[in-house]
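To start, the structure under review is shown below, and the notes come after it.
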Amino acid sequence: MRDETKCIHSGYSPKNTEPKQVPIVQSTTYVFDSTEDVGDVFDDPTKALIYSRFANPTVMAVEKKIAELEGGVGALCTASGQAASLISILNLCKAGDSFISTTQIYGGTFNLFAVSLKNLGIECIFVDCDADEETINRAFKPNTKAVFGETIANPALSVFDIEKFATIAHAHGVPLIVDNTFATPILCKPIAFGADIVVHSTSKYMDGHAVQVGGVIVDSGRFDWANGKFPDFTEPDESYHGISYVNDYSEAPYIIKARMQLMRDYGAYPSANSAFLLNLGLETLAVRMERYCSNAIQVAKYFEASDKIEKVSYPGLERDKYYPLTQKYLKGASGVISIIIKGGKENAVKFMDSLKLATIEVHVADIRTCVLHPASATHRQLTEEQLVAAGINPGMIRFSVGLESIEDIIEDIEQSLSAI
Ligand SMILES: *Cc1c(COP(=O)(O)O)cnc(C)c1O
């Protein structure tokens with residue numbers, strides 16, 4: 001099946017007289033005929049359902065669909081994108097370990113890596129996404145267990161050189177994790193370029209309608225966990241009566257370990273109802289991504305031609321620094337644009353407040369066009385001087401192009417820019 005078809009048909013195939021749409025199995029638990037049956041499932045928890053803290057039929061239908069879209073062997077949904085990033089790392093690192101991440105990542109992920117994981121004794125070593133091979137190689141330590149980057153970074157809008165980082169990670173015997181939230185598997189399949197694990201915030205384009213917060217981790221099934229660096233995958237798991245993930249679940253040891261060990265213990269699994277809503281979003285993902293890209297390139301070109309705009313960043317623009325990587329890795333540059341309005345914060349605020357169609361939201365990748373002015377929202381505690389020092393231009397706006405008529409979106413921008 002091609003992507004458009006997978007979006008609609010993967011993950012759930014109803015049989016004779018069964019419901020056409022994925023049923024919402026809103027049940028915490030499942031029944032067994034005998035004590036022996038329960039014992040069998042505890043011997044091999046992949047055999048049947050036990051408890052909805054780590055497995056549920058509605059959620060699993062969505063997991064299967066996303067795994068197929070990404071070209072992976074298995075997936076695990078999580079209660080948020082943050083939980084997906086957290087579990088993707090905790091499945092590999094424990095106190096005393098380190099991993100490498102590019103600095104160009106989502107702000108929430110940055111806090112998680114730089115502060116919360118550090119508090120757990122896991123060190124994140126940051127490198128620039130444009131760093132040369134030698135600099136990246138120098139960042140590795142003997143205890144480094146993974147490399148992490150974002151396909152299209154939120155909000156930097158840099159494009160991650162997946163093949164380069166995958167080659168370097170593999171030379172050091174560790175996997176590459178890619179946050180593919182902004183691209184979605186419709187625009188980029190990181191596994192095809194060498195990524196071993198893919199994570200998403202499904203709250204963004206995958207959902208698309210701003211109705212559920214969620215995340216997902218996808219396992220490529222390709223990494224060699226028996227290379228000596230990952231004893232937790234080869235040695236018996238004492239918390240699971242001696243299971244060895246590599247020996248007992250050789251097809252997808254990473255995702256089985258994440259579900260059976262970490263999801264069982266941390267319990268960040270989404271509800272069936274949330275998975276149902278996510279699935280509705282996924283059904284139209286391929287069609288929506290195409291339109292996000294075609295609307296966004298027209299908006300980016302409109303901004304580029306305006307004398308009221310100082311700078312436009314959009315990796316789909318030919319003169320954008322990341323355009324060559326966009327051509328290599330992406331079928332489209334997604335729907336998020338960053339602009340710097342001439343005249344600093346005052347004009348940025350005037351522009352934002354004059355918009356009539358686009359709404360002000362602390363969100364991106366919605367079906368509705370939405371905007372955010374970091375200087376007066378996420379970074380509002382900073383003075384103008386501090387903003388510049390932090391790399392946040394006071395006139396910068398993150399513009400998330402929606403699926404309204406392109407004429408209406410541009411007319412709204414036009415009338416709003418004329419207010420400046
Ligand atoms: C939003 C976002 C996250 C975090 O996801 P939540 O679902 O909000 O927890 C992670 N990565 C990227 C790229 C994001 O945009």
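Start at 1 and go down the list; that is how both ligands and their atoms are numbered.
- Residue pairs meeting the salt bridge (charged side-chain N to carboxylate O under 4.0 Å, His left out) criterion with at least one partner in residues 110-126, sequence neighbours excluded, are Glu123-Lys141.
- Among residue pairs with one or both ends in residues 312-342, those qualifying as ring pair (Phe, Tyr, Trp, His ring centres under 6.0 Å) are Phe193-Tyr329; sequence neighbours excluded.
- Remark: Lys257 fails to qualify as a cation-pi partner of Tyr249 under the 6.0 Å distance and 45° angle criteria applied to the six-membered ring.
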Could you check ligand 1 for N or O atoms lying under 3.5 Å from protein N or O atoms and list the pairs with distances?
| residue | atom | partner | partner atom | Å |
| --- | --- | --- | --- | --- |
| ligand 1 | 5 (O) | Ser201 | OG | 3.0 |
| ligand 1 | 7 (O) | Gly81 | N | 2.9 |
| ligand 1 | 7 (O) | Ser201 | OG | 2.8 |
| ligand 1 | 7 (O) | Ser203 | OG | 2.6 |
| ligand 1 | 9 (O) | Gly81 | N | 3.0 |
| ligand 1 | 9 (O) | Gln82 | N | 2.9 |
| ligand 1 | 11 (N) | Asp179 | OD2 | 2.7 |
| ligand 1 | 15 (O) | Asn154 | ND2 | 2.9 |
| ligand 1 | 15 (O) | Lys204 | NZ | 2.6 |

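- Although no hydrogens or angles enter the test, the distance criterion places a donor-acceptor pair under 3.5 Å between the side chain of Asn91 and the main chain of Tyr254.
- Side-chain atoms of Thr284 do not come within 3.5 Å of backbone N or O of Val287 as any donor-acceptor pair.
- Partners of His9 under the side-chain contact (heavy atoms from CB on, under 4.5 Å) rule, at least two apart in sequence or in another chain, are Met1, Thr5.
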